[in-house]
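Have a look at the structure below, then the notes.
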Amino acid sequence: MRRRAAAVLLALSVALLALYGADATSVPIVPMQLDPSFGIGGKVLTDIAGPVWEDEHFTLIVQPDGKLVAPGKAYNSATGDFDFVVIRYNSNGSLDSSFDGDGKAITDIAATHDEALGLVRQADGKLVAAGVARNGALGDFALVRYNADGSLDTSFGTGGRVRTDFFGADDVALGLVVQPDGKLVAGGYATLPQSGVDFALARYNTNGSLDPSFGIGGISTTDFFGSSDWAFRLTIQSDGKLVAVGGTANTSTGNSDFAIARYNSNGRLDASFATFGKAGVGSTDFSNGTDYALAVLVQPDGGILAGGLAYGPGSGTFEMALARYLPDGTLDQNFATYGKKGVVTTDFFGDYDQMLALALQPDGKILAAGHAKHPKRNFEFALARYNPDGTRDTSFGYGGLLSTDFFGGPDGVHGLVLQEDGKAVVAGDAFNPNTGGDDFALARYRVADPDWIAGVVSSLPAGAFNAAASRTTILAALDQVEATVTAGQIANAITQLQSLRQHLNGCPLAPDADDWIIDCTAQTKVRVLVDEVTSKLQAP
């Protein structure tokens, strides 16, 4: 498994307590738990390539029906090289046999090496994967569209495949979004003859052809400050503007900095964004070392979170790094106000750490996933949770951190999704001694807590409640549960949750007279979360 910072994208146990240096006040009464109903003990491994060869997921999405879909790369013995692969899992982690017959769709594009690095689901249920197709050392943007059953959609491009060469050199797509009109925008980097490697976007019509109304002839490239720039992730705002993050070479320090750019929906730079340095783009240096942004998330208030890695002078190596930008592209001076305002770094074990995925909980807390180098094992699945202000949430895991090892070899997370039932699923790869190589790996965690439930309740419309005061009543009850858990009074907390549940037990048939939430969809959602937290409290 590769652990390069800027390449194509890059058990819960008592021992964790000592390693994190956690004291009794920072260790939660109810730690994060792997979900035993998912796979085997919360983990799923899928091998395609067979012994020795590497399989690797690069992102993850969840469908409306709860099925999980992850793209990646896998060695294909039929072609003798790596190909696109898209795998669909049922909600329990088993392979979905209705998808291409066995849950695994493998697609050869170029003569040599192909990788699927981004994925979107269209409104019609079709799946589009984006990545790179290589002929030798040179890569092109590559897209493949699949029907909902996993078969290739032959109405897209040529036989379901599309390749885009920018300027005859190396190009890689690492992110993909679908716009409201159904057009697809892929983002990554392209190599230009005059400026070298730059941010690159391409927009495609619904049939896979380039959209000439976007950028220049369907493509848009961005040079930051005259040196190399790499876009690693792409997202879309609610207003249709596009945000790309990655790295840009800092000619002053000789290192790379966080890079962010915002585009109008037509592919032109948004001149109102990040007007320091160059209109439409911005960069952030953490501590005069090498920094890369490898994940991006737009918050409901328009703020932008960028996560990745940054050199930490204290640890002397790379740490998880997180920055928050205001809607105008400037760093949020009220975020993570210890150290340098607007940014925060997180060290797990004093060795190499990397953040590769971000998700926002209903309560506004920030969940980050990636990998961390363990001093006695190897790279492990790593999760960190932050409060909305950027401080670490010490009620999560152990002091705000959690790592999961599979077999003692190198493991890493590249994708993360949050489910409505209060669970988090991560996707990546894990070294499997049984196959002698890296296998596709998923893990599911039970993350719901009283704050999570409070976030869901706060988001419900007024009409979901039986009375105007009911929302306040439920939130007060959840605050009481949180305080009781913090005090270590688990039996009392369970009793409080059971009492709350008695006011959420009418649906799906119809709400009872004493139900505080009368919208059955909303009531069921909250009740499932209450049951999840109660189950965690009762777990050994």
> Can you name the closest pair of heavy atoms from Thr524 and Cys507 and give their distance?
Replying inline: OG1-CB, 4.1 Å
> Under 3.5 Å, side chain of Asp389 to main-chain N/O of Thr391, donor-acceptor pair present?
Replying inline: yes
> Can you list every salt bridge (charged side-chain N to carboxylate O under 4.0 Å, His left out) pair that touches residues 484-493, not counting sequence neighbours?
Replying inline: none
>> Nearest 0.5 angstrom please: Leu60 CG to Leu68 CG, how far?
In response: 5.5 Å
> In terms of heavy-atom contacts, does NZ of Lys341 have more than 12 from other residues, nucleotides or ligands at under 6.0 Å?
Replying inline: no
> Quick one: does Arg444's side chain have a donor or acceptor within less than 3.5 Å of a partner on Ser91's backbone?
Replying inline: yes
> Taking 4.0 angstrom as the limit, do Asp449 and Arg385 come out as a salt bridge?
Replying inline: yes
>> Keeping Lys43 on the side-chain end and Asp405 on the backbone end, is there a donor-acceptor pair under 3.5 Å?
In response: yes
>> With heavy-atom distances below 4.5 Å as the criterion, would you say the side chains of Val425 and Tyr89 are in contact?
In response: no
> Taking all atoms of both residues into account, what is the closest heavy-atom pair of Leu309 and Phe258, and its distance?
Replying inline: O-CE1, 3.6 Å
>> Do Thr534 and Arg501 pair up side chain to side chain, a donor and an acceptor below 3.5 Å, judged on atom types alone?
In response: no
> Considering residues, nucleotides and ligands other than Gln299, do more than 12 of their heavy atoms fall under 6.0 Å from its CD?
Replying inline: yes
> Which heavy-atom pair separates Val177 from Val120 by the least distance, and what is that distance?
Replying inline: CA-CG1, 3.8 Å
>> For Tyr292 and Phe232, take the angle between the two ring planes, folded into 0 to 90°, and tell me which bin it lands in: parallel under 30, tilted 30 to 60, perpendicular over 60.
In response: perpendicular
> Mind checking whether Trp516 and His503 have parallel, tilted or perpendicular rings, split at 30° and 60°?
Replying inline: parallel
>> Could you report the tightest heavy-atom contact between Phe99 and Gly150, atom names first, then the distance?
In response: CE1-CA, 3.2 Å
> Is any NZ, NE, NH1 or NH2 atom of the basic residue among Asp429 and Lys73 found under 4.0 Å from an Asp or Glu carboxylate oxygen of the other?
Replying inline: no
> Between Phe406 and Phe381, is the gap from one ring center to the other below 6.0 Å?
Replying inline: yes
>> I'd like to know if the side chain of Lys536 and the backbone of Gln33 have a donor-acceptor N/O pair within less than 3.5 Å.
In response: no
> Under 3.5 Å, side chain of Ser499 to main-chain N/O of Thr495, donor-acceptor pair present?
Replying inline: no
>> List the residues meeting salt bridge (Lys or Arg N to Asp or Glu O under 4.0 Å) with Asp100, not counting sequence neighbours, and say none if there are none.
In response: none
>> Is it the case that the side chain of Thr473 and the backbone of Ala469 share a donor-acceptor pair, with hydrogens and angles ignored and the cut-off at 3.5 Å?
In response: yes
>> Hydrogens and angles aside, do Asn432 and Asn434 bring a side-chain donor and acceptor to less than 3.5 Å of each other?
In response: yes
>> I'd like to know whether the aromatic ring centres of Phe407 and Phe431 sit less than 6.0 Å apart in this structure.
In response: no
> Do the ring planes of Phe318 and Tyr311 sit parallel (below 30°), tilted (30 to 60°) or perpendicular (above 60°)?
Replying inline: perpendicular
